[in-house]
Structure formats: C-alpha cells, structure tokens
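Below: the structure, in structure tokens.
Only this structure's heavy atoms are used, side chains among them; waters, hydrogens and symmetry mates stay out.
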Amino acid sequence: MKKLIAVFALSIAFVSCNKTTTETKDFKTAYVDTSKLMDESAEAKDIEEKYKSKATEMEAKLKGDVARFENEQRNFQANMQKNGEAWAKQKYAELSRIDQQLQYAKQGMLQQLQSESGKEMDSVVKKYKQIFKDYGKEKGYDYIYGTGESATVLYAKDSYDITKELIKLINNKYIDEKDKPVAKEEK
C-alpha cells in the first residue's frame, strides 16, 4: 500500500513538473539596458544639456563675487603688516564670513540644480515605465527586465535585448511631442 501511494505521489509530481516546463516555454521575455537607454534618449540628453547650461549661468553669476573675494584676500595679505594686528583680525573675520557665504551660495545652487533635474528625470523615468508597460502588452511579453547600473538581470541572451527598439520608440515619441504645436490653453 505504501509503495502504491509513493508511486502515485511520484507520478503527480512528475506530471506537475512536466506541466511547469511546458508553461515556461510559452513565456515571452526580454530586457532593456537602462543605462544605454538613458544615454541614448534624446529627452534625457536635452534635460542634461539644459542643466549644464543652467550650471554655467549660475557659475558665471558667482564668478564676479569670487574674483572680488580673491582680490580682497590679496589686498589683505599685502596690507596686513601695514595696518596693524587689530585691522588684520577684523579683516580676517570679514574675509572668513564672505568665504563662507560664497560656499553656501555654491552649495545652494548645486542643490537647486540637483533638485530640479532630479524631478525632471523622475518624470522621464515614470513616462518610460509606462512606455515599457504599453510596449510589453502590445508585443505580448510576459516580462521585460532592466539591466544597467541598477541591474536586476545578471545574465540574458543578447537575442532578448530590446533596448534599441525602445530607444527608437522613446525618441520618436519625444520628437513627436516636441514638434506638436502648443495649444493656447497651455501657454
């Protein structure tokens, strides 16, 4: 009796394992190299360029203040002995305060740029996720994995790589949106 139960259990296990392997053959899967996608995305490149320009503009605004500060430092060193110890202490404290203000200004600008660009990039990533989802449904994929800097796939055959297709799709959508005339309400 025990042998009959063991044979029955083994046959059920064999059938269920066999069923799993047949189901796996029906899975359609692919992956996207997210690093490459972001490097070749026209929209991401535009955002990066926009913030490089903003950083250059912000640096130019501070450049004059930094030049004045450096000039004051040189004058301080040249006049330190001439004007006495009391003057030197007072001027040194003033220069330290100005230096600290310049450092805070630089940090503030960097934080502002990082915050603004981060929000825009988060918006792009959210849009891309929706595109991946729509693309996956349209093409009948069961799974689309992501690789790149935050890799979720350790290995996949190159034949499963759909990165180029999605880059083309994303760039075309971005160009279409960019070229779309702006409605009067949006202005």
Legend entry - In one Ile/Leu/Val/Met/Phe/Trp/Tyr side-chain cluster, 4.5 Å: F132, Y143: no
For residues 87-98, dump all side-chain donor-acceptor pairs below 3.5 Å to protein atoms at least two apart in sequence or in another chain.
| unit_1 | atom_1 | unit_2 | atom_2 | d |
| --- | --- | --- | --- | --- |
| K89 | NZ | E85 | OE2 | 3.4 |
| K91 | NZ | E72 | OE1 | 3.4 |
| S96 | OG | Y92 | O | 3.0 |

Legend entry - Minimal non-hydrogen separation, E43 against N171, with atom names: N-OD1, 4.4 Å
Inset, instruction - Write down the atom of I170, the atom of S41, and the distance for their closest heavy-atom approach. - result: CG2-OG, 4.3 Å
With a 3.5 Å cut-off and sequence neighbours excluded, list the donor-acceptor pairs that the side chains of residues 33-40 form with protein atoms.
| unit_1 | atom_1 | unit_2 | atom_2 | d |
| --- | --- | --- | --- | --- |
| D33 | OD1 | S35 | N | 3.2 |
| D33 | OD1 | K36 | N | 3.2 |
| T34 | OG1 | T147 | O | 2.5 |
| S35 | OG | E149 | N | 3.0 |

Inset, instruction - Treating Ile, Leu, Val, Met, Phe, Trp and Tyr as nodes and any side-chain heavy-atom pair under 4.5 angstrom as an edge, say whether Y104 and L110 lie in one connected cluster. - result: no
Inset, instruction - Indicate if Y174 and I167 have the same hydrophobic cluster label, given that clusters are the connected sets of ILVMFWY residues with side-chain heavy-atom separations under 4.5 angstrom. - result: no
Could you pull out every donor-acceptor pair under 3.5 Å between side chains of residues 51-58 and any protein atom, sequence neighbours left out?
| unit_1 | atom_1 | unit_2 | atom_2 | d |
| --- | --- | --- | --- | --- |
| Y51 | OH | E120 | OE2 | 2.6 |
| S53 | OG | E49 | O | 3.2 |
| K54 | NZ | E116 | OE1 | 3.0 |
| T56 | OG1 | K52 | O | 2.9 |

Inset, instruction - Could you check K173 against D176 for salt bridge (Lys or Arg N to Asp or Glu O under 4.0 Å), going step by step and ending with a plain yes or no? - result: CA-CA 5 Å; K173 282 184 180 242; D176 290 345; over 6 Å; no
Inset, instruction - State yes or no: do Y160 and V32 share one hydrophobic cluster built from I, L, V, M, F, W and Y residues joined by side-chain heavy-atom distances below 4.5 Å, directly or via other members? - result: no
Legend entry - Whether over 12 other heavy atoms sit under 6.0 Å from Q103 CD: yes
Inset, instruction - Treat each ILVMFWY residue as a node, draw an edge where side-chain heavy atoms are under 4.5 Å apart, and state whether M121 and I131 are in one component. - result: yes
Inset, instruction - Using modelled atom types only, decide if a donor and an acceptor are shared between the side chain of D142 and the backbone of T29 within a distance under 3.5 Å. - result: no
Inset, instruction - Give, for atom CE of M109 and atom CG of L62, the distance between the pair rounded to the nearest 0.5 Å. - result: 3.5 Å
Inset, instruction - Kindly indicate whether the side chain of K45, heavy atoms from C-beta on, has any atom under 4.5 Å from the side chain of E48. - result: no
Inset, instruction - Could you check N71 against R74 for side-chain contact (heavy atoms from CB on, under 4.5 Å), going step by step and ending with a plain yes or no? - result: CA-CA 5 Å; N71 191 34; R74 284 190 293 277; 3.8 Å; yes
Inset, instruction - Test side-chain contact (heavy atoms from CB on, under 4.5 Å) on D158 and Y31 and set out the steps. - result: CA-CA 9 Å; D158 289 340; Y31 72 94; 3.6 Å; yes
Inset, instruction - Could you tell me the separation between the CD1 atom of I162 and the OH atom of Y135, rounded to the nearest 0.5 Å? - result: 5.0 Å
